[in-house]
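To start, the structure under review is shown below, and the notes come after it.
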Number of protein chains: 2
Amino acid sequence: MLQPSDVDWTDPECPVARAADLVGDKWILLIIRDSLDGKRRFSEFERSLGVAKNILSDRLRLLVDRGILTRTPNDRGTRSEYELTGAGRDLFTLILSLRQWGERNAFAAGEKHSVVIDHLTGEPVPQLQPHREDGSELSPEQTLLVKVGQPLPENVK
Amino acid sequence: MLQPSDVDWTDPECPVARAADLVGDKWILLIIRDSLDGKRRFSEFERSLGVAKNILSDRLRLLVDRGILTRTPNDRGTRSEYELTGAGRDLFTLILSLRQWGERNAFAAGEKHSVVIDHLTGEPVPQLQPHREDGSELSPEQTLLVKVGQPLPENVK
DNA sequence: AAGATTGGTTTCAATATGCAACCAAATGAG
DNA sequence: CTCATTTGGTTGCATATTGAAACCAATCTT
């Protein structure tokens, strides 16, 4: 489990809130995007993001502290490489859902944007879709949030 | 398309970046989480999030401005209700992927957390999983980011 | 050997945050 | 109907965060 040095969760029993505490920040999300695209070096992130160096430095430190990146200094202890941990690579689905929501909702028709394709076939990656075990689509209205210690409603399972 | 009044994108050609500009903030993500759970009133959000009133007020204004919530004042023009727009409800997948990542990576084994279930069956919602058209799983290493104006590699489609 | 690049840290002004006080309108209790 | 309480905010203020720029040592290039 991720173990940031300061664990002071906004809402400890909610996984959405814990995730938002760990990665709910614009620069953090974009660093993860770039990491998934194979970028590893400070200067690569800096060029790609156009972020101030002190902020990039801060966010990289947070990401290492939060168990999402590892920092591997070069031989002399300088010029580190930053790579995703398992928990970091596991953010692929999140970044993909951000991307697909952005494509659907933040671009005018015909406006160009980057795309993610299947490397082998060149096909665009299909839309993520919440579904039931049987494969049928699941809308937010069809779901129910059950909090810790809260009894399940009578009509279910 | 979403049309916030100040469009000053961090990285205009990247859907991840546009999405991060619009919803890449902890409080915004948690307000959307609560909205998907049916909360509509200022005081409901305030109680649920434990956020300062001025910050909640600011984020609700941003969300309305960004086309993710609508604000419907009561008869006398006070005590508004905030409801998700289509683009807002479309964030269900994103919030679900945040939740599932949090469940997998931000909780120790056996630690309790809230869960989302299928209202009808009571079954937990299955994991979101990037996949190909044929249903096979797709890992980050099997995908490729193609930027605007960048030619596709030779070996694909 | 000299110059450029990398991977940062430091400084400082501007901005954002969060706490607390305040307020008017609406609602609830008696 | 009256009074107290809740709701849905706004305002002020102290503190924390941000981002631009200068700076720097170590490395890499020529």
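In what follows, chains carry the letters A, B, and so on, assigned in the order in which the sequence lines appear, proteins first and then strands, with residues in each chain numbered from 1. These numbers come from a predicted model, not from an experiment.
Relative to the side chain of B:Arg59, the nucleotides C:dT17, D:dT7, C:dG7 differ in distance, and C:dT17 lies closest. Relative to the side chain of A:Ala52, the nucleotides C:dC19, D:dG8, D:dG19 differ in distance, and D:dG19 lies closest.
For B:Arg99 and B:Ser114, the side-chain atoms include at least one donor-acceptor pair closer than 3.5 Å.
Between B:Ile55 atom CD1 and D:dT15 atom C1' there is a gap of 13 Å when expressed in whole angstrom units. Protein atom CG of A:Leu49 is 16 Å distant from nucleotide atom C1' of C:dG8, rounded to whole Å. The separation between B:Glu46 atom CD and D:dG8 atom P is 9 Å, rounded to whole Å. If you take OH of B:Tyr82 and P of D:dG8, they are 9 Å apart, rounded to a whole angstrom. In this structure, A:Arg79 atom CZ and C:dT5 atom C1' are separated by 7 Å, rounded to whole Å. One can place CG of B:Leu56 at 10 Å from C1' of D:dG9, the figure rounded to the nearest angstrom. In this structure, the NZ atom of A:Lys26 is 11 Å from the P atom of C:dA16, given to the nearest Å. The nearest whole Å value for the distance from the CD atom in B:Glu44 to the P atom in D:dG8 is 8 Å.
Under 4.0 Å is where a charged nitrogen must lie from a carboxylate oxygen, and between B:Lys26 and A:Asp21 at least one such pair does. The residues B:Glu83 and B:Arg40 are annotated as salt-bridged, a charged nitrogen and a carboxylate oxygen being separated by less than 4.0 angstrom. Comment: B:Asp37 engages B:Lys39 in a salt bridge, judged by a side-chain N to carboxylate O separation of less than 4.0 angstrom.
The minimum heavy-atom distance linking A:Gly24 with B:Leu29 is given by the pair CA-CD1, 4.0 Å. Contact record, A:Pro73 with A:Arg71: CD-O, 3.6 Å, taken as the closest heavy-atom pair.
At a threshold of 4.5 Å between non-hydrogen side-chain atoms, the residues B:Gln129 and B:Glu137 count as touching. Put simply, the side chain of A:Ser57 reaches to within 4.5 Å of the side chain of A:Phe42, judged on heavy atoms.
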Dump the pairs, protein N or O against N or O of nucleotides 10-12 of chain D, anything under 3.5 Å, distances to one decimal.
residue: D:dT10; atom: OP2; partner: B:Ser57; partner atom: OG; Å: 2.6

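A close approach under 4.0 Å does occur between a side-chain nitrogen or oxygen of B:Arg71 and OP1 or OP2 of D:dG9. Proximity of A:Trp27 to the phosphate of D:dT18: no side-chain N or O atom is located under 4.0 Å from OP1 or OP2.
Overall bending of the helix from C:dA1-D:dT30 to C:dG30-D:dC1, expressed as the angle between end axes built from five pairs apiece, is 30° (10° steps).
Other members of the cluster containing B:Leu96 are A:Leu138, A:Leu145, B:Val116, B:Val125, B:Leu128, with ILVMFWY side chains joined at under 4.5 Å, either directly or via other members.
Nearest-nucleotide positions on DNA chain C for A:Arg47 and B:Asp25 put A:Arg47 closer to the 5' end.
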